[in-house]
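Fair warning: this is a prediction, and the values are worked out from it, not measured in the lab. In each ligand, atom 1 is the first atom listed, and ligand 1 is the first ligand listed.
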Amino acid sequence: MSVRFYNTLSRQIEDFSPREEGKVKMYTCGPTVYDRAHIGNFRTFLFADLLRRYLKYRGYDVYSVMNITDVDDRIIRGANSEHTELRTYTDPWIQKFFNDLNLLGIEPADLYPRASDHIPDMVNLVKKLAERGHAYKVDGDYYFKVESMPAYGEFARLDMSALRVGERVQDDKYEKEDIRDFALWKGYCEEDGNIFWDTDIGRGRPGWHIECSAMSLKYLGEDFDIHAGGVDLVFPHHQNEIAQSESATGKRLARFWMHGEFLLVDGAKMSKSLGNFYTLQDLMDRGWKPREIRYALMAGHYRQQLNFTFTGMEAARAALERIDCCLQNLRCAHGGHGPSETAAALKEHEAAFTAAMDDDLNFPLALASIFNLIRDLNILCTENKIGTTEATMILDTLKRLDSVLGFLHIDKAQETDSEIDSLVCARDEARRTKNWAEADRIRKLLSDMSIVVEDRTGGSVWRRK
Ligand code: AMP
Ligand code: ZN
């Protein structure tokens with residue numbers, strides 16, 4: 001069975017096959033670095049992480065590129081208001097972004113190209129579009145001529161007839177031939193202060209859309225496999241990327257376009273402009289662990305909106321505690337003689353996990369199979385059917401699954417601590433000899449060390465609070 005994804009291009013679920021067998025080249029639109037990213041942004045980056053991790057799990061060699069938008073109106077305004085260079089302004093935001101990615105367990109992309117490092121590539125693309133009759137110049141600005149691309153609007157399913165085609169537009173700053181045309185290059189104006197590039201097409205700076213066209217072309221070629229981003233990027237950003245890249249190359253930009261739905265707060269999109277957002281740090285300051293945040297943001301299907309609530313965070317915490325408990329049970333499993341039952345449970349639930357994920361990354365269903373596995377493992381544990389052979393088998397499977405999930409934290413759960421282990425053993429011994437005072441004394445000692453002890457048949461297990 002092959003992997004199937006919903007392709008925004010066709011608005012259908014399609015069998016996925018990359019251009020080159022076994023290899024996937026993907027591009028994800030990255031952050032605009034003028035502020036700290038919020039967890040809505042991270043929902044989209046976690047979706048891209050899940051996609052990439054799952055393709056790897058399915059044996060593909062994945063090469064992924066995520067751009068950093070470090071040139072844009074808000075950034076230029078921000079840098080000028082602080083009287084700093086562009087880089088001095090954006091560097092700390094980029095650092096914070098990488099730091100948050102790391103905390104959330106998002107695997108790094110292979111490349112993070114910055115727009116400001118690729119101005120010559122963008123200028124060349126604008127020149128090429130102008131040579132081919134797809135771009136024109138008004139004063140210092142360059143615009144994409146939408147009329148030159150009959151298929152414009154198909155990707156975003158736009159009703160082009162509703163737009164007043166051919167109407168000349170003039171606003172405070174830009175003058176263009178047609179209301180549909182969009183800026184490729186913005187000529188220098190005073191508000192840009194010290195932020196500009198002197199190039200073959202004049203002094204100025206690139207438009208946002210041309211940044212992604214130039215960088216994806218440079219690093220992934222003219223026709224790559226997956227282009228991903230948040231659903232708000234379908235129009236205008238991705239429609240315009242398609243217009244630019246395909247008009248310049250004559251080739252299809254990407255085979256699959258995949259879009260993650262919004263994270264909402266009280267029914268509205270989480271966004272900077274509405275002020276209804278939380279950053280990762282905000283949630284950590286409230287006592288939530290990055291792992292719990294990762295789980296909560298991943299738990300919904302990527303194509304469905306997800307409402308952010310603290311009840312959802314509580315549910316994430318409880319789910320992870322169930323997983324941790326099971327992992328602790330395994331660490332302390334003293335039984336044995338259940339290899340075939342264990343192998344059957346592992347096989348059944350991993351197959352269900354894979355089938356769900358193959359079906360357009362149906363993560364909620366895949367997660368259900370993880371909890372079915374946890375339930376079965378707990379039963380096998382209680383029945384004393386798990387010994388070291390079985391535990392090794394289980395850990396191998398869980399590690400493979402965690403290459404996709406990224407929140408099981410198996411090594412941490414498997415960690416041993418000889419001091420705690422010997423205290424737990426001493427307590428078990430005290431209980432066996434009915435020395436309750438001693439058993440209570442040790443439990444109190446462990447509790448002071450933030451260790452919780454649970455009594456199981458075959459021995460106690462411990463975990464950190
Ligand atoms: P930006 O930094 O504004 O360029 O956005 C980075 C990414 O976050 C884009 O792919 C957006 O589509 C995505 N994004 C922004 N707001 C949300 C949200 N509330 N939920 C999910 N994704 C979002
Ligand atoms: Zn982009």
Side-chain angles (χ1 to χ4, degrees), residues 8 26-51 64-75 78 90 93-94 96-98 100-101 104 106 109 112-115 118 122 125 155-156 182 184 206-220 224 226-245 253-254 257-280 293 296-309 312:
T8 308
M26 69 179 268
Y27 184 92
T28 309
C29 289
T32 311
V33 285
Y34 67 102
D35 201 347
R36 196 145 196 173
H38 57 66
I39 55 164
N41 302 129
F42 285 114
R43 180 180 190 207
T44 293
F45 301 133
L46 277 163
F47 144 62
D49 183 51
L50 179 67
L51 170 61
S64 92
V65 175
M66 177 181 284
N67 71 291
I68 304 282
T69 300
D70 66 347
V71 183
D72 117 310
D73 287 353
R74 289 163 295 186
I75 294 171
T90 55
W93 297 123
I94 295 177
K96 287 189 174 77
F97 174 70
F98 285 140
D100 286 354
L101 285 187
L104 283 170
I106 294 179
Y112 290 102
R114 294 170 69 152
H118 297 80
M122 299 168 200
L125 198 53
F155 174 75
F182 58 90
L184 299 167
W208 172 34
H209 317 303
I210 201 79
E211 297 181 3
C212 282
S213 279
M215 289 185 276
S216 63
L217 202 59
K218 178 160 186 163
Y219 296 109
L220 296 174
F224 55 91
I226 303 178
H227 197 311
V231 72
D232 55 337
L233 301 189
V234 172
F235 184 78
H237 187 50
H238 289 164
Q239 176 63 75
N240 291 352
E241 269 188 54
I242 288 175
Q244 298 161 155
S245 299
L253 169 53
W257 288 79
M258 297 179 66
H259 293 97
E261 258 296 349
F262 288 147
L263 183 70
L264 308 180
V265 184
D266 297 328
K269 177 191 172 193
M270 180 177 284
S271 68
K272 291 272 162 60
S273 52
L274 290 175
N276 60 352
F277 65 90
Y278 295 99
T279 63
L280 185 61
I293 302 165
L297 293 177
M298 281 174 79
H301 191 292
Y302 80 94
R303 280 200 299 122
Q304 279 170 9
Q305 298 185 333
L306 179 73
N307 207 22
F308 176 79
T309 59

Sub-4.0 Å heavy-atom contact, His38 with ligand 1: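 Heavy atoms of His38 do come under 4.0 Å of ligand 1.
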Close approach, Phe42 and ligand 1, non-hydrogen under 4.0 angstrom: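 The answer is no, since Phe42 has no heavy atom less than 4.0 Å from ligand 1.
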Run the numbers for me: atoms of ligand 1, each under 4.0 Å from some heavy atom of [X], listed by number.
X	result
Met270	16 (N), 18 (C), 19 (N)
Gly230	10 (O), 12 (O)
Phe45	6 (C), 7 (C)
Pro31	2 (O)

Among all protein heavy atoms in this structure, tell me which lies nearest to [atom], with the distance rounded to 0.1 Å.
atom	value
atom 20 (N) of ligand 1	Leu263 N, 2.8 Å
atom 3 (O) of ligand 1	Thr32 OG1, 4.1 Å
atom 5 (O) of ligand 1	Asn41 ND2, 3.4 Å
atom 16 (N) of ligand 1	Lys269 CE, 3.4 Å
atom 12 (O) of ligand 1	Asp232 OD1, 2.3 Å
atom 21 (C) of ligand 1	Gly40 O, 3.0 Å
atom 22 (N) of ligand 1	Thr44 OG1, 2.6 Å
atom 9 (C) of ligand 1	Leu233 CD1, 4.0 Å

Is there a donor-acceptor contact under 3.5 Å from the side chain of [X] to the main chain of [Y]?
X	Y	value
Thr8	Trp257	yes
Asp100	Phe97	no
Asn67	Pro113	no
Arg36	Leu280	no

Ion pair Asp232/Lys269, N-O distance below 4.0 Å: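 Here Asp232 pairs with Lys269 in a salt bridge, since their nearest N and O are under 4.0 Å apart.
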Mutual orientation of the aromatic rings belonging to Phe98 and Tyr112 [parallel < 30°, tilted 30-60°, perpendicular > 60°]: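 Ring orientation, 0 to 90° scale: perpendicular.
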Aromatic plane relationship, His237 with His209 - under 30° parallel, 30 to 60° tilted, over 60° perpendicular: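 Plane angle between 30° and 60°, so tilted.
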What are the two closest heavy atoms between [X] and [Y], and how far apart are they?
X	Y	result
Ser213	Gln244	OG-NE2, 2.8 Å
Leu306	Leu297	CD2-O, 3.8 Å
Ala156	Gln239	N-OE1, 3.0 Å

For [X] and ligand 1, does the shortest N/O to N/O distance drop below 3.5 Å?
X	value
Cys29	no
Phe262	no
Val231	no
Ser271	no

Ligand 1-proximal atoms of Leu264, by part, heavy-atom distance under 4.0 Å: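 No part of Leu264 is near ligand 1 at this cut-off.
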Glu261, portion touching ligand 1 at heavy-atom distance under 4.0 Å: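 Just the backbone.
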Within the 6.0 Å centroid threshold, strictly below: Tyr219 and His118: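 Close enough - the centres of the two rings lie under 6.0 Å apart.
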Polar protein atoms (N, O or S) that approach the Zn ion (ligand 2) to under 2.8 Å: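 For the Zn ion (ligand 2), the protein N, O and S atoms that sit under 2.8 Å away are Cys29 SG, Cys212 SG, His237 NE2.
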Within residues 210-220 or reaching into it, pairs that qualify as salt bridge (Lys or Arg N to Asp or Glu O under 4.0 Å) - sequence neighbours excluded: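 Listed once each, the pairs are Asp121-Lys218.
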ring-ring contact (aromatic ring centres under 6.0 Å, His included) involving His259 - partner list, sequence neighbours excluded: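 Testing His259 for ring-ring contact (aromatic ring centres under 6.0 Å, His included), a comparison that skips the adjacent residues, returns His238.
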Sequence-distant partners of Thr28, side-chain contact (heavy atoms from CB on, under 4.5 Å), two or more places apart: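 By the side-chain contact (heavy atoms from CB on, under 4.5 Å) rule, Thr28 matches Met26, Ala48, Met66, Ala228.
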Residues Met258, Leu51; criterion side-chain contact (heavy atoms from CB on, under 4.5 Å); working and verdict: CA-CA 10 Å; Met258 297 179 66; Leu51 170 61; 3.9 Å; yes
OG1 on Thr69 to CZ on Arg114, rounded to 0.5 Å: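 With rounding to 0.5 Å, CZ (Arg114) is 11.5 Å from OG1 (Thr69).
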